[in-house]
Amino acid sequence: MFHCLQFSVDFPAKYQDWTATDPTDLFQAPIVKTESNPKAHIPRHLSQEARGCSHLVLWLDCDREGENICFEVIECTEFVVHDTRRKVHRARFSSVTEKDILKAMDNLVAPNKDEALAVDARQEIDLKVGVAFTRFQTSYFQGKYGNLDARVISYGPCQTPTLGFCVQRYLQITTFKPEKFWIVRPYILQGGYDLQLDWERGKLFDSEVAAMFQKLVMDDGFVKVTDMSEKQESKTRPSGLNTVNLLKVASSALGLGPQMAMQIAERLYTQGFISYPRTESTSYPLSFDFKGALGPLVKDPTCGPYVQQLLNSGHLKARQGTDAGDHPPITPMRLATEDMLGGDAWKLYQYICQHFIGTVSADCKYARTMVDFSVGGESFHCVGLRVIVKGFTAVMPWLAVNEKSLPQFSKGDKIKISKVELYEGYTTAPDYLSESELISLMEKHGIGTDASISVHINNICERNYVQVQGGRRLVPTELGICLIRGYQCIDPDLCLPDIRSFIEHQITLVAKGQADHSRVVHHVLLQFKQKYGYFVKQIENMDALFEAQFSPLADSGRVLSRCGKCLRYMKYISTQPSRLFCGTCEEVYYVPQRGAVKLYKELECPLDNFQLLLFSMAGPEGKTFPFCPYCYNNPPFEGIDTLFSAVKTGNSTTPGKGAGMPCFLCPHPTCRHSLISQGVCACPECHGTLVLDPVSAPKWRLSCNLCNCLVSLPHGAHRISTTKDRCPECDSTIIEVDFNKKTSPLKDGNTLHAGCILCDELLHSLIEMKHGKSFFRHRGGRGRGRGGRGGHRGRGRRGKTEDPKMSFRDF
DNA sequence: GCAAGGTC
């Protein structure tokens, strides 16, 4: 039985380069399914298992996601739906009990393609919308501000509305204007009690009027008992515990964040202490064995006696909740002690036990006594509370009714007022949104699921949009506030929770078979693409907020190295993501992350004249390698990305393997012995070895294995070799290039040409001398077409913008 | 470097 997705969607490699892809193109880009966990070889395993099988029975969660996985499995096993020889069956069940399983086995159905397609649709929409907006706003703002401290400025149809809730509360707080109010509070002494009476009018916002009422009451001096009543009320026991409620309690009462709470709950589950912790249901199935579940808890030292009492009473009935058809509520499965679990896990386990016992307990019953008074024409009252049956509050004492006893009164009594206070107070702003309130809001608006709510909250914390403060309240950061206020003034739809429900509603049409999958996806994406276009066009409105809050790149960072274009010094910005900024060219150059960057021997890259830098990875064993900031951002030849990603992940490429790629991680000569033999001559700038770049063969190029620079040879060169000749000017090796007749750029083709790669002018004259034409040229040379990263200019501005803040249209 | 959804 497979619960996890084997595949996830992504863009093909062509679209992975942020600089080479306009985000607006992502809306029409193809998508590919990739194995989520390639090392697990799940598709291979499924395919092997299915060999020779005549029937495939799919036992997966009975929801849309489960249906989607069904078709993944079908694909891996090479079964075909409706094939008469090898049959595909879907088991539909709502719980994993013997009865249910047998029933499902006897009633096998066909898998539901529409539901699976709805999931495909959601995946594609979420991917394209999220990635397009994220790439655009990340590039735009990172290219402008130095103290943003954000590796990525993400956007998503779940995370952004989640942030929206936090900022909405923040804005309520900041725009709140406290108001003064007054309350008339008479006090009486009766039967040994000093009672404060509550005013029917609550509070008044006019001090003169309030003072007038105070005078009326004082002038009268006696309260008269006008009525007395008692009625029985009850507090209902909780229904079964689902994930959302567990997370709320964990945050508000146990001080555990959702991420942490879920991790602990998962561990308790795998260790067998509790049932499956991801469930929406608060209702137990009718057949649920409460006696069996309570049994082990009898031995618990604290609630044991109460549980025994419950079992003895024989009256065990859980309150009806909602049955989402997924899993039963979270229930303790076996007894644990504090020593077995320790700390937070114990607290969470204890709560799960208390909640479960509460679920099968009686309701709490209590009597509410109300005494009404009149004085000077005004009405007052006081309330008494008396518990009749503790019920579930015995095991969940924090929910207990606070008893309040009252003295005896008789109707018509006249009692002397001891004093009349005119209480003066201020209305107060609400507090920051608590995590528990946020979870409630997310649940109410359908943002995220039981399994993903904690992830979204964690996301907005990690992205530095909000911070968790005391009492687990979420305080938005300047970045978070700017983002939401920006969406609000450009296109509020982007941060409203409706954006999620809109998507959900559209894909539900697919799930129900009422609309065609690809037409719905196209329809929804078209609308988002228009919104994207308008957002890009209006980004200055959001930028105005950023401008007021953050400092421009030019004012950030410290001077580090020289730019190869303008030859002025660039600044190194160390806040995430670390990068170089050339104030003159207004260009950003990213550098390898999580490490130190310093100048490398004041050497320059011969390709672009940028000063070389030395990167040292953090940690005692941190590797060190030199690099050119320009080449790092503008890979001079295909395949270099692989090298850089190796650098980023810390996996050195092994020399000798992988077509003899140079090792960028280790500039030490012994590490490149396999390359030395291919070496042509010394790099004129850093004296590393220039080697043939095997990636580009037969279009030969030379690359320096040390500073990463690259020298292009003319197209059609099919063999090059070094000569014994030295350049008279710089003493560099003279190289000979051989052309085919067909491919030669020169008229005389099929001849040997020679030149020095170092001395541009001499080279020129050498070649002109010999052949009348220069063919050694730095690839692209200065002022190449492709700009550095992060420059937002001219990017992503092709979206259509006719219909700015259009609201979503249903399919 | 990017979304949201699963999960062990």
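Bear in mind that the values here come from a model prediction, so they are computed numbers and not experimental data.
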Task: Side-chain N,O (A:T449) to OP1/OP2 (B:dG6) below 4.0 Å - done: yes

- [ ] Quick one: label A:G66 by what it contacts on the DNA or RNA (base, sugar-phosphate, nothing), any heavy atom closer than 4.0 Å.
- [x] nothing

TODO: Indicate yes or no: does A:R90 engage A:E67 in a salt bridge with an N to O separation below 4.0 Å.
DONE: yes

Open item on the list: Quick check: any donor-acceptor pair below 3.5 Å linking the side-chain of A:Q142 to the base of B:dG1?
Closed with: yes

- [ ] State which of B:dA3, B:dG1, B:dG6 makes the closest approach to the side chain of A:Y590.
- [x] B:dG1

- [ ] Run the ring-centre check on A:F141 versus A:F550 and record whether the distance is less than 6.0 Å.
- [x] no

Open item on the list: With hydrogens left out and only the distance checked, is there a donor-acceptor pair under 3.5 Å joining A:E266's side chain and the base of B:dC8?
Closed with: no

Open item on the list: Does anything in residues 149-163 of chain A come within less than 4.0 Å of DNA chain B? Heavy atoms only, and list the residues if so.
Closed with: A:R151, A:V152, A:S154, A:Y155, A:G156, A:P157, A:C158, A:Q159

Task: Separation of B:dA4 P from A:H456 NE2 (nearest whole Å) - done: 6 Å

- [ ] Rounded to the nearest angstrom, tell me the gap between atom CD in A:E65 and atom P in B:dT7.
- [x] 9 Å

Open item on the list: Heavy atoms only, 4.0 Å cut-off, all strands: where does A:R463 land among base, sugar-phosphate and nothing?
Closed with: sugar-phosphate

- [ ] Just jot down the side-chain contact (heavy atoms from CB on, under 4.5 Å) partners of A:E75, sequence neighbours excluded, or say none.
- [x] none

TODO: Would you kindly give the CG-to-C1' distance between A:N459 and B:dA3, to the nearest whole Å?
DONE: 9 Å

- [ ] Could you check how far CG of A:L268 sits from C1' of B:dC8, rounded to whole Å?
- [x] 15 Å

